[in-house]
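So you know, we letter chains A, B, ... as the sequences are listed, proteins then strands, and number each from 1. Side chains are part of it too, since the values below use all heavy atoms of this structure and drop only hydrogens, waters and symmetry mates.
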Amino acid sequence: MSRMVTQIISTMETQVSNGPSGTSLPNGPVISTNGATDDSKTNLIVNYLPQNMTQEEFKSLFGSIGEIESCKLVRDKITGIHDASAGQSLGYGFVNYVDPNDADKAINTLNGLKLQTKTIKVSYARPSSASIRDANLYVSGLPKTMTQKDMEQLFSQYGRIITSRILVDQVTAGISRGVGFIRFDKRNEAEEAIKGLNGQKPLGAAEPITVKFANNPSQKTGQALLTQLYQTAARRYTGPLHHQTQRFRLDNLLNASYGVKRFSPITIDSMTSLAGVNLTGPTGAGWCIFVYNLSPEADESVLWQLFGPFGAVTNVKVIRDFTTNKCKGFGFVTMTNYDEAAMAIASLNGYRLGDRVLQVSFKTSKQHKA
DNA sequence: TCGAATT
């Protein structure tokens with residue numbers, strides 16, 4: 001590419017990011033001075049669409065506002081390799097209206113619309129360009145007290161921030177989960193932010209933060225998708241079964257063929273009275289349970305099956321090695337009610353699962369060094 | 001043998 005062309009493009013980008021340029025015709029698209037169509041007042045990007053929304057539903061929703069010039073639900077190339085319309089939705093799309101007024105109306109009426117578990121975001125799309133791709137960062141280890149504004153302030157020294165978010169706990173409605181996202185205008189700004197902030201402690205923070213490029217929604221593993229399904233299903237059913245029934249179900253589910261042998265389980269009262277053990281209390285989501293001696297092949301489904309019969313389970317997690325993706329031998333289960341968690345522990349500690357004997361207890365408080 | 005987090 002010649003230097004002159006490069007300069008023209010970079011000038012275009014600067015102009016467009018500061019607002020549309022060129023001549024607005026009475027009844028047609030805005031034509032920029034070099035003849036290219038300027039979509040900046042008609043073209044919208046829609047984010048946080050439900051995973052299962054189809055192209056047709058997408059078009060129908062946005063077509064209800066006004067005449068659409070074009071629209072596209074963005075799908076994954078890999079999963080849709082044999083059929084472009086069959087790939088996993090990436091959860092976002094573009095809508096280009098004929099009339100800029102309709103684009104404006106779509107933002108005003110559809111931005112913030114709740115669809116299933118998602119709140120969609122409708123905003124003007126930035127012009128497509130290679131330099132704005134892969135500029136999204138995932139940040140973890142943030143102090144719980146850090147606000148979105150604090151985080152933006154920290155990152156803004158590296159470039160123009162397009163979007164930011166701090167994830168919050170669903171149950172406690174508003175407590176930071178210590179992870180978030182920052183999208184920069186340009187990829188190189190994101191790269192500089194990683195260099196400057198990854199592994200650094202924000203002012204006054206006790207622990208360093210991790211800053212890396214974010215995954216696409218489609219890069220979610222099959223396992224993560226399964227977990228999501230289990231969690232959705234689990235929220236529909238949270239009532240405890242009668243304990244006799246639970247025991248029976250559980251034995252049938254897991255042990256029928258193994259000739260199960262049980263250790264005498266430690267009672268809950270003796271556990272809670274152990275000196276120096278801090279239990280994770282019912283603050284936040286519920287009671288967190290530590291499960292040890294899972295096999296390397298263990299997955300989330302086994303934890304749901306083990307604990308679900310005892311009552312409301314809100315979350316399960318198998319801890320895996322980052323590189324091998326094998327279970328590191330332990331996991332966590334969160335249960336809403338103390339009595340049900342206690343019953344699950346009493347019943348499952350010492351439980352033989354295959355050729356392993358599980359150790360199950362309340363999770364101890366996080367050890368912090370010295 | 002007591003984590004990770006992906007809008």
Side-chain angles (χ1 to χ4, degrees), chain A residues 45-51 74 76 88-92 111-112 114-123 134-144 146 148 151-152 161-172 175-183 207 209-221 223-225 227-228 231 271 274 276-280 284-285 287-296 298 300 303 314-322 325-334 345 349-350 356-369:
Chain A
I45 182 164
V46 184
N47 284 293
Y48 314 123
L49 292 166
Q51 199 69 42
V74 180
D76 180 73
Q88 266 284 336
S89 165
L90 294 185
Y92 70 98
N111 184 40
K114 289 187 170 56
L115 292 176
Q116 296 167 26
T117 62
K118 305 283 188 173
T119 302
I120 71 169
K121 180 183 174 190
V122 185
S123 55
D134 304 321
N136 195 27
L137 299 180
Y138 174 76
V139 188
S140 58
L142 294 165
K144 302 282 195 244
M146 184 176 266
Q148 183 182 12
M151 183 173 72
E152 285 201 3
I161 293 167
I162 300 301
T163 55
S164 74
R165 176 158 302 185
I166 288 181
L167 269 42
V168 296
D169 186 277
Q170 290 189 340
V171 182
T172 59
I175 308 286
S176 166
R177 292 167 59 191
V179 301
F181 295 89
I182 292 271
R183 181 182 292 278
E207 300 298 327
I209 60 173
T210 300
V211 184
K212 57 194 207 182
F213 284 109
N215 295 336
N216 285 332
S218 70
Q219 285 169 339
K220 199 177 267 193
T221 64
Q223 185 55 251
L225 285 169
T227 299
Q228 202 173 39
Q231 284 174 324
M271 290 180 56
L274 287 175
V277 176
N278 286 319
L279 302 181
T280 305
W287 298 87
C288 192
I289 298 167
F290 174 61
V291 185
Y292 179 68
N293 212 16
L294 296 168
S295 86
E300 271 72 10
L303 293 180
T314 57
N315 190 256
V316 302
K317 182 78 191 171
V318 167
I319 305 305
R320 295 183 171 80
D321 181 88
F322 184 78
N325 214 32
K326 296 285 185 193
C327 174
K328 287 160 91 169
F330 62 96
F332 299 93
V333 174
T334 305
I345 291 170
N349 184 42
R356 293 165 171 267
V357 176
L358 298 184
Q359 291 176 42
V360 184
S361 63
F362 283 111
K363 179 185 183 299
T364 60
S365 68
K366 190 172 149 191
Q367 348 256 331
H368 39 353
K369 35 231 148 163

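For the pair R165(A) and Y48(A), the cation sits on the ring face: its NZ or CZ lies under 6.0 Å from the ring centre, inside 45° of the axis.
To the nearest angstrom, C1' of dA5(B) lies 13 Å from CZ of F332(A). One can place OH of Y92(A) at 14 Å from C1' of dT7(B), the figure rounded to the nearest angstrom. As a whole-Å value, the separation of K212(A) NZ from dT7(B) P is 14 Å. As a whole-Å value, the separation of M151(A) CE from dT7(B) P is 14 Å. Rounding to whole angstrom units, NZ of residue K363(A) and P of dA4(B) are separated by 11 Å. The distance between atom CG of L358(A) and atom P of dT1(B), rounded to the nearest whole Å, is 16 Å. Straight-line distance from the CD1 atom of I166(A) to the P atom of dA4(B): 20 Å, rounded to whole Å. Whole-Å rounding puts the Q51(A) CD to dT7(B) P distance at 9 Å.
Aromatic ring centres of F181(A) and Y138(A) lie closer together than 6.0 Å.
For the OP1/OP2 pair of dT7(B) and a distance below 4.0 Å, the side-chain nitrogens and oxygens of R177(A) include no atom meeting the criterion.
When distances run from any side-chain atom of S140(A) to the nucleotides dA5(B), dT6(B), dT1(B), the shortest one goes to dA5(B). Between dT6(B), dT7(B), dA5(B), one nucleotide has an atom nearer to the side chain of K144(A) than all others, and that is dA5(B). Closest contact between the side chain of Y48(A) and the listed nucleotides dC2(B), dT7(B), dA4(B) involves dT7(B). Of the candidates dC2(B), dT6(B), dA5(B), the closest approach to any side-chain atom of F290(A) belongs to dC2(B). The listed nucleotides are dT1(B), dT6(B), dA4(B); the one nearest the side chain of K328(A) is dA4(B). Checking dG3(B), dT6(B), dA5(B) against every side-chain atom of N315(A), the shortest atom distance belongs to dG3(B).
A stacked arrangement is not assigned to F330(A) and the six-membered base ring of dG3(B), the conditions of a centre distance below 5.5 Å and an interplanar angle below 30° not being jointly met.
Counting any heavy atom pair closer than 4.0 Å across all strands shown, Y292(A) reaches a base atom. Residue contacts shown for N293(A) are absent, as no nucleic acid heavy atom lies under 4.0 Å away. Contact annotation for I319(A): base contact, defined as any heavy-atom pair under 4.0 Å involving a base atom.
Ring geometry for F330(A) against F332(A) counts as perpendicular: the plane angle is over 60°, on a 0 to 90° scale with 30° as the lower cut.
Closest approach of K144(A) to S176(A), counting heavy atoms only: CD-O, 3.1 Å.
Checking D321(A), L294(A), I319(A) one by one against C327(A), the side-chain contact (heavy atoms from CB on, under 4.5 Å) holds for a single residue, L294(A).
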